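In what follows, chains are A, B, ... by sequence order, proteins preceding strands, each numbered from 1. This one's a predicted model, so the numbers in the text were calculated from it and none came from an experiment.
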Amino acid sequence: MTRRYDEVMSLSLRRGFIWPSVDIYGGFAGFYDYGHLGAAMKRKWEDIWLKYFLGLSDRYHLIDTTNILPFKSLKASGHVDHFTDTLVKCSDCGVSHRGDHLVADTTGKSAEALSTAEIDSEIENLDIRCPECKGKLLPSTEFNMMFPLSVGPTGTDQAFLRPETAQGAYLNFKREFESLRRKIPYGLAIIGRAFRNEISPRQGTYRMREFIQAELQIFFNPRTFDDELDFASVEDEPIRISFEDEKEEGEVGEIRAGDLLDRLPKFYVYHMVKIQQFYLDILRVPRDRFRFAELGEKERAFYNKIHFDIEMNIDSLGGWGEINGIHYRTDHDLKGHQAGSNEKMTVSVEGERVLPHVLELSFGVDRNIWAFLDVFYENEERALLRLPREIAPITFGVFPLVSKGGLPELARKVHDSIKDDFSCFYDETGSIGKRYARMDEIGTPFCLTVDFDSLESDDVTVRDRDSTHQRRMSISGLPEGLRTLLKEGSGF
RNA sequence: GCGGGCAUAGUGUAGCCUGGUAUCACUUAAGCUUGCCAAGCUUAUAACUCGGGUUCAAAUCCCGGUGCCCGCACCA
């Protein structure tokens with residue numbers, strides 16, 4: 001596992017996908033930068049994500065919201081009080097424990113809502129000792145995972161870096177409800193950064209302190225949403241799913257969408273199908289590397305009524321890892337902001353007064369990028385990154401077979417004729433084989449090679465990355481021919 | 001946060017125990033070559049994580065910082 005991690009990281013460092021931020025000062029735990037290939041790939045991933053998910057409905061739209069949120073809004077959302085850990089340290093062995101867990105383990109009741117003072121008095125009353133060594137416990141300390149900020153010249157306006165992009169959607173719910181002409185369901189997508197002061201960031205881009213989320217928040221009327229979706233079109237789709245009791249074993253069942261309805265609501269299953277199709281059909285992730293994994297009651301946030309992680313099997317991270325989630329958050333968020341802001345969040349639709357519920361489709365962009373590098377990288381007989389062509393940082397390499405005899409000039413011309421339409425890369429150094437190999441390693445799906453025949457017959461060789469097979473294509477028909485090639489599949 | 005391990009060119013490494021001007025491969029660049037899959041030749045660029053100590057002399061020994069990896073804990 002570690003070897004695989006090193007392989008992927010080495011590729012990433014050498015070629016320019018991802019590396020630690022502030023590298024020249026020794027790095028900065030929990031922060032990573034994207035190099036030129038990584039940034040291009042990430043942008044393409046975001047584009048295809050947007051295109052697909054906004055394409056699910058005319059009523060799903062992209063918005064963009066601030067990274068910094070004031071105290072009040074995060075107080076109302078619950079983050080000020082609940083996005084915290086109460087840490088209790090043992091005076092003897094020095095091990096830290098979560099205070100609410102210690103209390104909960106003794107009383108059998110959730111202690112999540114207790115303050116540090118309350119937890120201290122519970123520990124005192126119940127005579128709770130360190131579970132490791134039975135030593136005496138020190139007074140508890142509060143640790144909030146949000147990064148605090150002071151805004152304004154006096155610094156008295158307390159704020160935080162947002163811990164999730166989702167809040168941006170909830171805060172804009174009312175405005176958009178008006179702009180979108182007072183109808184639900186509608187959806188707000190945000191691609192942006194979120195910030196969490198993780199206690200121990202680990203495993204590369206898997207747990208970062210600053211990370212990118214792509215989220216779609218769908219606001220709907222829980223009474224009618226099921227009927228507003230075309231479930232019949234997806235009901236026969238087999239869904240790859242692991243329920244709580246089977247996921248540790250790595251078991252993945254395939255259950256027909258229609259047969260999940262005795263356990264899950266229609267609207268939830270419908271979106272599971274759509275997400276699975278995005279991964280298996282659009283991004284062509286190998287089927288056995290994808291699944292939904294159920295979270296048990298203890299694992300999920302209290303406001304998530306239904307919560308499945310969306311996981312990929314990532315060798316460099318030791319197996320199944322959460323890259324996204326699909327959360328039924330009910331009316332928790334709008335209710336909280338309604339109470340906090342005194343703005344009415346209920347809306348009147350078709351004569352009915354409803355507080356909309358939220359279905360959140362949440363994607364970790366950095367985790368996706370890492371997962372794709374891992375899953376599609378092969379380093380056996382030749383180094384090969386089998387990225388789906390839509391997210392490959394470079395789509396076409398353009399080469400002269402050899403750098404003489406007028407070939408470079410013609411190859412340049414070919415390159416110039418398509419560079420405005422596609423991500424291209426021109427190269428004439430080294431041997432042709434080496435140039436192919438370089439492109440294979442960074443996932444470039446096709447290479448165009450100008451040879452001596454090209455001078456006579458106005459065509460070039462198109463080489464397919466995965467098969468290495470070639471065919472010829474006319475130069476004069478180029479931009480269009482390549483567009484067709486990308487659309488129809490390789491055909492090699 | 002605790003415990004353990006690790007840190008040498010862009011990447012991967014040798015050297016460290018036993019102190020004496022840092023090895024090898026790939027990569028990159030320039031030139032020669034090159035007729036379709038990392039060919040070859042020549043040349044070049046490039047590194048001891050940081051700070052302090054011991055010593056005539058530190059990549060090497062000692063102390064500290066930082067970072068990374070693993071385990072524990074944590075992951076609204």
Side-chain angles (χ1 to χ4, degrees), chain A residues 1-3 5-7 9-16 19-31 35 74 77-90 92-98 100-102 112-113 131-133 141 143-146 163-164 166-167 194 196-204 206-209 295 299-304 307 309 318 322 327 329 332 381-384 399-405 407 428-441 447-455 460-465 467-470:
Chain A
M1 167 220 160
T2 315
R3 221 193 83 225
Y5 179 89
D6 290 341
E7 267 180 14
M9 190 49 101
S10 170
L11 165 77
S12 189
L13 293 170
R14 273 184 292 112
R15 306 313 304 269
W19 45 61
S21 296
V22 207
D23 208 10
I24 60 171
Y25 287 94
F28 191 27
F31 297 87
L74 291 164
S77 70
H79 287 89
V80 170
D81 296 321
H82 296 298
F83 200 63
T84 59
D85 291 333
T86 306
L87 297 179
V88 182
K89 201 169 174 176
C90 171
D92 257 12
C93 66
V95 173
S96 287
H97 305 276
R98 269 190 58 171
D100 57 317
H101 285 188
L102 292 178
E112 222 177 313
E132 295 293 318
C133 71
T141 51
F143 176 70
N144 192 298
M145 304 243 302
M146 291 193 292
E164 58 176 12
Q167 293 305 321
R196 298 178 188 178
N197 196 2
E198 295 286 351
I199 295 172
S200 61
R202 285 282 165 87
Q203 302 184 100
Y206 190 73
R207 186 175 306 143
M208 297 199 287
R209 289 181 167 138
L295 268 74
E299 297 172 290
R300 62 177 193 253
F302 68 94
Y303 52 78
N304 277 334
H307 180 168
D309 280 342
E322 172 200 1
H327 314 132
R329 298 173 68 133
H332 169 79
E381 65 289 355
R382 64 182 171 124
L384 182 59
F399 313 131
L401 181 59
V402 292
S403 53
K404 65 176 186 192
L407 298 189
E428 60 178 69
T429 63
S431 68
I432 187 70
K434 187 166 196 159
R435 282 174 260 152
Y436 287 152
R438 273 197 281 243
M439 290 294 103
D440 287 344
E441 196 183 21
C447 294
L448 312 185
T449 302
V450 169
D451 57 20
F452 288 101
D453 293 341
S454 305
L455 298 173
V460 294
T461 294
V462 182
R463 170 192 180 269
D464 175 66
R465 176 193 67 200
S467 66
T468 76
H469 294 165
Q470 308 183 340

| request: For the pair A:Arg196 (side chain) and A:Met145 (backbone), establish whether a donor and an acceptor sit closer than 3.5 Å, ignoring hydrogens and angles. | output: no
| query | Any donor-acceptor pair under 3.5 Å linking the side chain of A:Asn144 with the backbone of A:Val80? | reply |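 Flag set: sc A:Asn144 to bb A:Val80 pair under 3.5 Å.
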Among residues at least two apart in sequence or on other chains, which ones pass side chain to side chain contact (heavy atoms under 4.5 Å, CB included) with [X]?
X	answer
A:Asp453	A:Asp451, A:Ser457, A:Arg472
A:Val402	A:Lys404, A:Leu407, A:Phe452
A:Ala437	none
A:Ser21	A:Phe31, A:Asp33

Could you give the distance separating [M] and [N] at their [atom1] atoms, to the nearest angstrom?
N	M	atom1	answer
B:C16	B:A59	C1'	7 Å
B:A46	B:G5	C1'	29 Å
B:C50	B:G12	C1'	23 Å
B:G1	B:U55	C1'	38 Å
B:U27	B:C41	P	12 Å
B:G53	B:A14	C1'	28 Å

Distance check needed: [N] [atom2] versus [X] [atom1], whole Å only.
X	N	atom1	atom2	result
A:Arg207	B:C70	CZ	C1'	14 Å
A:Arg3	B:C68	CZ	C1'	20 Å
A:Tyr25	B:U66	OH	P	17 Å
A:Asp23	B:U66	CG	C1'	13 Å
A:Glu428	B:C32	CD	P	12 Å
A:Phe31	B:G67	CZ	C1'	14 Å

| note | Letter by letter from the 5' end, nucleotides 36-47 of chain B scores (B base, S sugar-phosphate only, - none; protein heavy atoms under 4.0 Å) BBBS--------
| For every nucleotide of nucleotides 4-14 of chain B, 5' to 3': is a protein heavy atom under 4.0 Å from its base (B), only from its sugar-phosphate (S), or from neither (-)? | -------S---
| Can you name the salt bridge (Lys or Arg N to Asp or Glu O under 4.0 Å) partners of A:Glu198, sequence neighbours left out? | none
| field | Those residues that, when tested against A:Arg438, pass salt bridge (Lys or Arg N to Asp or Glu O under 4.0 Å) (two or more places apart) | value | A:Asp427
For [X], give me all partners under side chain to side chain donor-acceptor pair (under 3.5 Å), at least two apart in sequence or on another chain.
X	answer
A:Tyr436	A:Thr449
A:Arg14	A:Ser10, A:Glu441
A:Arg435	none

| message | Please classify the nucleic acid contact of A:Gly35 as base, sugar-phosphate, or nothing, using heavy-atom distances under 4.0 Å. | response | nothing
| query | So what is the 5' to 3' dot-bracket string for RNA chain B, if pairs are Watson-Crick or G-U wobble with both distances under 3.5 Å, crossing pairs use [ ] and | means the partner sits on another strand? | reply | (((((((..(((.......[...))).(((((.......)))))....(((((..]....))))))))))))....
